[in-house]
Structure formats: structure tokens, C-alpha cells
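Notes for the one structure printed next.
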Amino acid sequence: MAVRCTDLLKLEIFCHLKLLGGKDGLDRIVRCPYVTLTKTIAQWVHGGELMFVSVKDLSCNAAQLLQLFNEGYQKNLSGVVLLVETVKNLFLDDLITAADCFCLPLFQMPYELPLVEITEEISSFIIQDKLRLQFTNELMIDIFSAQKNDQQSLISKAMLYHYDISGAHRIAIISINNLQSIFQENNFLLYKLN
């Protein structure tokens with residue numbers, strides 16, 4: 001599984017953030033948090049970053065902020081978090097409209113909230129998710145290759161990540177011969193995959 005913006009909303013620290021727009025993009029995958037220090041990001045990001053922008057520290061006007069947001073959309077970011085002073089009133093209407101149009105989540109975060117705390121929690125959550133996936137893969141390999149007398153150790157191992165494998169389960173392995181020829185014969189299937 002991959003961490004998505006919607007998963008981050010469940011983090012305790014995210015209660016301090018407000019979703020302004022782009023809610024239809026909450027299923028975007030978050031690869032890592034990224035704090036921008038420049039008014040352009042094209043050469044620094046690769047996609048999947050949740051970008052944090054300090055409006056005060058970058059001294060962005062509304063047009064520059066919109067341009068930065070457009071760049072984020074083009075580079076396939078997972079979302080944008082604006083660090084905003086609570087006393088400041090930004091003109092965010094254009095950004096919210098763009099967020100909704102691009103389905104790119106736009107969050108507002110109080111400037112006073114320590115940035116290191118939220119980026120650290122996001123990073124830890126992503127690492128835990130990767131470890132859980134790795135564990136699940138290893139567990140499946142262990143199950144397939146286990147001997148009958150290893151059953152109790154597998155059950156104990158699975159319980160570490162709250163998997164209950166003590167009961168009866170079914171596994172299906174599907175193998176399609178000549179898969180490539182099926183796609184070559186059916187242009188519709190080939191088109192759908194691209």
C-alpha cells in the first residue's frame with residue numbers, strides 16, 4: 001500500500017491543518033514531504049512530494065504563489081501546504097479554484113506550528129507504511145514456504161502487525177499463458193492499459 005493524502009488526515013498533527021481545496025485529489029500518493037525554499041520548484045521535485053510553502057519566508061505575492069502551485073501540478077505533487085500567519089489575510093480564491101480544477105489538495109497550516117514536527121510525523125508514517133508492506137510481503141513468502149510445524153510461529157509473527165491468520169483462508173494463484181498475445185489480439189485491452 002502507499003500513503004495517500006487522505007491517510008495523512010488521520011494523523012493527530014493534521015488536525016491543525018485546514019483543507020482549502022482540491023478534495024477530489026486526496027487519493028494522491030505522498031512519497032515524502034518537501035519544504036520549498038525557492039519560488040520555482042521544477043528542478044527540485046520529481047512527483048509525489050507534499051510541498052510546504054512558507055508564504056512569509058518566500059515573500060510570494062498572489063501571482064507568484066499561483067505560478068508555484070501550477071508548477072506543482074505539472075510536476076505531479078501530491079499536495080501543497082501553505083504556512084500562513086493567522087493575522088494575515090491572503091487572497092487565496094485563485095489558488096482554491098486551481099486546486100479544485102487540478103484535483104490537487106491545498107492545505108493551510110498555521111505559521112506558528114513547528115514545521116519540523118509535521119514533516120517528521122509524515123516521514124515516520126511513510127516509513128512505517130513501507131515497513132508494513134515489506135513485512136506483509138515477507139509474511140506471504142513465509143506462509144507459502146512454511147512447513148506444517150511452523151504454523152504457530154507464523155501466527156505469532158502475523159499478530160505483530162495485527163493480522164489474524166489463525167483461521168481458514170483461501171489463496172488463489174492466477175496464471176495466464178500467452179498474456180502478450182492476448183493483448184496483441186485485442187487492441188481495446190492494449191489501449192486501456194496505456
Original post:
Can you tell me how far the CD1 atom of Ile122 sits from the OH atom of Tyr34, to the nearest 0.5 Å?
Top reply: 15.0 Å
For residues 41-66, please give each side-chain donor-acceptor pair under 3.5 Å, one per line with the distance, not counting sequence neighbours.
residue, atom, partner, partner atom, Å
Glu49, OE1, Gly47, N, 2.8
Glu49, OE2, Arg31, NH2, 2.6
Glu49, OE2, His46, N, 2.8
Ser54, OG, Asp57, N, 3.2
Ser54, OG, Asp57, OD2, 2.9
Asp57, OD1, Tyr111, OH, 3.1
Asp57, OD2, Tyr111, OH, 3.2
Asn61, OD1, Ala63, N, 3.0
Asn61, OD1, Gln64, N, 2.7
Gln64, OE1, Asn61, N, 3.0

Original post:
Among all residues two or more places apart in sequence or in another chain, which pass the side chain to side chain donor-acceptor pair (under 3.5 Å) test with Glu121?
Top reply: none
**OP:** May I have the step-by-step check of side chain to side chain contact (heavy atoms under 4.5 Å, CB included) for Val80 and Leu68, ending in yes or no?
**Re:** CA-CA 10 Å; Val80 176; Leu68 186 63; over 6 Å; no
Original post:
Are Leu95 and Leu82 side-chain neighbours, meaning at least one heavy-atom pair lies under 4.5 Å?
Top reply: yes
**OP:** Hey, could you give me the CG/CD distance between Leu133 and Glu138, rounded to the nearest 0.5 Å?
**Re:** 10.0 Å
Check residues 10-21 and write down every donor-acceptor pair under 3.5 Å in which the side-chain atom is one partner and the other belongs to a residue at least two apart or another chain.
none

Original post:
What pairs of residues pass the salt bridge (Lys or Arg N to Asp or Glu O under 4.0 Å) test when at least one of them lies in residues 58-70, not counting sequence neighbours?
Top reply: none
Subject >> Heavy-atom closest pair, residues Pro33 and Thr119 >> reply: CG-O, 3.8 Å
Original post:
Going through the distances and angles, do Arg4 and Asp7 end up as a side chain to side chain contact (heavy atoms under 4.5 Å, CB included)?
Top reply: CA-CA 5 Å; Arg4 299 177 185 279; Asp7 299 323; 3.7 Å; yes
Original post:
Counting only heavy atoms not in Lys23, do more than 12 sit closer than 6.0 Å to its NZ atom?
Top reply: no
Original post:
To the nearest 0.5 Å, how far apart are CG in Leu92 and OG1 in Thr97?
Top reply: 10.5 Å
Original post:
Looking at residues at least two apart in the chain, or sitting in another chain, which of them share a side chain to side chain donor-acceptor pair (under 3.5 Å) with Asn137?
Top reply: none
**OP:** Could you list all the side chain to side chain donor-acceptor pair (under 3.5 Å) pairs where at least one residue sits in residues 68-79, not counting sequence neighbours?
**Re:** Arg28-Asn76, Thr40-Glu71
Original post:
Rounded to the nearest 0.5 Å, what separation is found between the CG atom of Asp24 and the CG atom of Leu104?
Top reply: 12.0 Å
Original post:
Quick one: CG on Leu113 to CG on Leu83, what's the gap to the nearest 0.5 Å?
Top reply: 8.0 Å
Subject >> Residues in side chain to side chain donor-acceptor pair (under 3.5 Å) contact with Ser123, at least two apart in sequence or another chain >> reply: none
Original post:
Side-chain heavy atoms under 4.5 angstrom apart, residues restricted to Ile, Leu, Val, Met, Phe, Trp, Tyr: same cluster for Ile29 and Leu26?
Top reply: no
**OP:** Looking only at non-hydrogen atoms, find the nearest pair between Ala158 and Leu139 and report the distance.
**Re:** CB-CD2, 3.8 Å
Original post:
Would you say the side chain of Leu9 lies within less than 4.5 Å of the side chain of Phe107, judging by non-hydrogen atoms?
Top reply: yes
